[in-house]
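Below is one structure; the comments refer to it alone.
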Amino acid sequence: VFTKSYFAFWVLVAIAWGFGAALVITILPLTESAEDISMVLSGVFYAVTGREPRRAEDPAEAVAAEKEISEEMDKADAEVAAEMEA
């Protein structure tokens, strides 16, 4: 039913599709979980070396900074919405 060259092309497409799928199912979960993986690996590093992990000096400062960033983002969103309405 298929010519030899068409069948060779079909096999090439199938192999390329398989490699592409393998890359996607390997890389996407790693990128989505990069923060958690980093946290675990740094914990293992500190456990193995016996060092103390660096901690935020004042948790209240971190919360305040996060709140400030959130407010700035809300303000920017409001400006964009106003520009879109105009």
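None of the values given here were measured: they were computed from a predicted structure.
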I'd like a table of donor-acceptor pairs (distance under 3.5 Å, sequence neighbours excluded) in which one partner is a side-chain atom from residues 41-51, with atom names and distances.
from	atom 1	to	atom 2	distance (Å)
S42	OG	S38	O	3.2
S42	OG	M39	O	2.9
T49	OG1	F45	O	2.9

Expected list for residues 67-75: side-chain donor-acceptor pairs under 3.5 angstrom, two or more places apart:
none

Side-chain donor-acceptor contacts of residues 76-86 below 3.5 Å, not counting sequence neighbours, with atom names and distances?
none

Side-chain atoms of residues 15-36: list all donor-acceptor pairs with protein atoms under 3.5 Å, sequence neighbours left out, distances to 0.1 Å.
from	atom 1	to	atom 2	distance (Å)
T26	OG1	A22	O	2.7
T31	OG1	I27	O	3.3
T31	OG1	L28	O	2.9
S33	OG	P29	O	3.1

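F2 meets the ring-ring contact (aromatic ring centres under 6.0 Å, His included) test with Y6; sequence neighbours excluded.
Under a 4.5 Å side-chain heavy-atom cut-off, the cluster of Ile, Leu, Val, Met, Phe, Trp and Tyr residues that includes V63 has no other member.
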